[in-house]
Amino acid sequence: MSGPSTYEPKTGFTKWLDARLPIVRLGYDSMIDFPTPKNLNYWWTFGGILALCLVIQIVTGIVLAMHYVANTSMAFASVQHIMRDVDFGWLVRYIHANGAGMFFLAVYIHMFRGLYYGSYKAPREVLWILGVVIYLLMMATAFMGYVLPWGQMSFHGSSVITNLIGALPIVGPAVKTYLLGGAAVGDPTLNRFFSLHYLLPFVIAGVVILHIWALHVVGNGNPTGVSVQDIKKDTVPFHPYYTVKDGFAIILFLTMFAVFVFFFPEAMGKTDNSIEANPLQTPAHIVPEWYLLPFYAILKSVTFDIGPIPAKLLGVLAMFGSILILFALPWLDTSKVRSMRYRPLARQLFVLFVLACVGLGFCGANEPDAFVFKTGKDRLQVEYSDANGRAQTKFFDQFSEANAYKESLPTAAGASLQVAESGFKWKWLSQILAAYYFIYFLVLMPLLGVIEKPKPRPASIADSVHKRSGSGRSSSAPVAAPQHAE
Amino acid sequence: MRFITLAAAGLATLALASAGLAFAQEQRPAHEFGPEHLDEPEGGWSFEGPLGNFDQNALQRGYKVYREVCASCHSMKSMSFRNLGQKGGPFYDPEFPNPNDNPRVKALAADLTIPAIDEETGDEEQVPAKTSDTFPNPFKNPAAARASNGGIAPPDLSVITSAREGGASYIYSLLTGFRDPPAGLTVNGGQHYNVFYPGDTGSQWAGDPRLKPPGGFLAMPPPLKADGQVTFDDGTPSTVKQMSKDVATFLAWAADPKQETRKQMGVGVVIYLLIFAVVVYLSYRRIWAKVEH
Ligand code: HEM
């Protein structure tokens, strides 16, 4: 896409440099003159927003690292020191902590954009795969970062996750030991997490460069999914057209970011993480940060063994599988049409997919056995073992009857009286939604390409924008599809 | 094709319906938050909301309650005396931008003694605290804290309002929520029944488990028992509610001492960004005016 270079060095020095290291040419071709489809909507501004997020995390992270102490007896206090005594330390930390959430918000929008407009399809498969690699690295980075302030959730969350990794067959136990640096989460763990948390963002930066390189080889997609045919008619130079559009979106994003940092800095935090880590006291509910909740829900939704595979391992496989499946997406989707604007069925199923992901987030935040809603009145149940040692349960409405029955049993029956509730459990909802998650990728994506009849697409980008802006010039293109997706 | 759409639509309806029902029932198990809602003092909290601020008099009264009542059991490890005189703090005085020069802060520090080492003899001694010292810890070590409190160490209060769901309202509710246990509820020795404590009364309740009382048991005896327990210097009547409100305010400030600066700065930053957004939007309109898109 990035055609022949139009850069012309003007001064003596730039001419000299251009013959030796054409770095100015590289910048010019990729950020000034880069031909960009003229019909990109605001969903395309999140790439720039993400680049900014990475820079913000790295800059604030480096400052935090100057004051942070990676030692289990001092980490919590050093974060308090940053919040209270370091000049503007509170600002730097709140930007970094909320910035992680903003980063994920942006990456999710960016990825859903890709899913809707088919950005993963040929020739952009490698571009998409590099994106999924970045996303995986972000999750690892955020997970390790969350351990650093050494609160209750840092400690117990990291124990839960490293135990999961330990449950993987063959490699699991070894990987777990290397991660922890010992038998349990402790000083060695904190030190290596700090080291990796410092390292991985720079690895991300490296992969981002590859991601952008791949983008500049194949060029931007666009909301119609129709490829660029004529650079003159279909595209505009990146600068100033998209620098100003991206710039506007970035400022709106930063405004929302600032509202969180300055007015609700702890809205996304967990109260438990303001309590210093205590290995002997496990919090009532261990839940990850919001951006990891859907995967946590998939993990917990598997409550049954399949053959010789125990539920725990299945859950771990389902969780990792739900992310790894994204790598295969370019080959799972069999439709020739990129944009879902012209795919009536896929579009509806996509909306459901987004709802399922959001729903899984809610499932992840709730206890699997708690009720989404209750049905009927609470009853009482007396559980005991009968003369043959078999477990029995008897239900009552009245407490006096239940209690009398319990008292009438011999002590050997070990009777207990509990509340019997009935209703729809979170774990069932997460099973349904997780099933849809996998069906969407593994069944619907391959199937739709075969059975769906796509709507007519515009002949070219120029044509599609021409229609929209409403001038009457007739064109040979088929009747335009609905334009609501803007 | 129809079938897929129908099945999917059914799924969506189910998911949405469950979410709707969940919100409608607003299930909050009784043991999680005590009675329906936490109590709030009359008039709410002055520091809530994006523009709220701490009331300096309330902070001063709250510090007195902490110092005279809570400090005998609870440490505040992250607090130094100089923090009391910082901008936004209880004893901030614009005349003394450096809190270490503030005479009230100096006097408050000197009221207390802290352990030190005599450089001549190497013996341990007690010396008056300086503004740069942290609040003294009431117990020598965690074991001593546990031993004096029935086996449970009183938690550090530096960030307590961030560490509990409900923040200042929870502290206020907890301090005013000690009640005589209803008939049928046994309270073990060394334990105290509180309707707002997020515990569970089930195991000690003799009646119908569906009607178990809210709240739970904790090792802290009611610290604020009688009106007038602390004498306020500004003449505010020191009812239990007033003392609870003021100490909760003080603890909320201690957990978030930069709140005032943060909110002031936030207003400026957001206004700046909004103006910037308008300017960039107008340039966007202008640059794109000649391009069909
Ligand atoms: C991909 C980019 C990054 C992400 C997503 C990320 C995420 C996080 C998260 C979620 C936390 C816990 C926040 C809290 O509750 O305090 C954290 C803490 C921390 N991060 Fe990062 N981070 C990133 C980059 C960096 C970089 C590049 C550095 C250093 C060069 C860094 C240094 C730190 C330090 C020192 C802490 C602990 C201090 C604290 O908890 O506030 N981070 N990070």
Asks: Tell me if the CG atom of A/Asp87 is crowded by more than 12 foreign heavy atoms within 6.0 Å.
Replies: no
Asks: With a 4.5 angstrom heavy-atom cut-off, which part of A/Leu254 approaches chain B: side chain, backbone, both or neither?
Replies: both
Asks: Heavy atoms only: give me the nearest B/Pro209-A/Val419 pair and the separation to one decimal.
Replies: CB-CG2, 3.7 Å
Asks: Looking only at heavy atoms, which two atoms of B/Lys258 and A/Arg84 are closest? And how far apart?
Replies: NZ-O, 2.7 Å
Asks: With side chains defined as the heavy atoms from C-beta onward, is the minimum distance between B/Trp288 and A/Val244 less than 4.5 Å?
Replies: yes
Asks: So, for B/Lys77 and A/Glu276, which heavy atoms are closest and what is the spacing to 0.1 Å?
Replies: NZ-OE1, 4.4 Å
Asks: Identify the two heavy atoms, one from A/Ile275 and one from B/Ala163, that lie closest to each other, and give their separation to 0.1 Å.
Replies: CG1-CB, 3.6 Å
Asks: So which atom in B/Val270 and which in A/Val259 form the shortest heavy-atom distance, rounded to 0.1 Å?
Replies: CG2-CG2, 4.1 Å
Asks: Based on non-hydrogen pairs under 4.5 Å, which of A/Leu252, A/Val261, A/Asp397, A/Leu417 is most in contact with chain B?
Replies: A/Asp397
Asks: Heavy-atom distance under 4.5 Å to chain A: side chain of B/Arg286, backbone, both or neither?
Replies: neither
Asks: With chain B, which of A/Thr271, A/Leu380, A/Asn403, A/Val351 has the greatest number of heavy-atom pairs at distances under 4.5 Å?
Replies: A/Thr271
Asks: With a 4.5 angstrom heavy-atom cut-off, is it the side chain or the backbone of A/Ile439 that approaches chain B, or both, or neither?
Replies: neither
Asks: With a 4.5 angstrom heavy-atom cut-off, is it the side chain or the backbone of B/Val267 that approaches chain A, or both, or neither?
Replies: both
Asks: Can you find a pair of side-chain heavy atoms, one from A/Tyr241 and one from B/His293, that are under 4.5 Å apart?
Replies: no
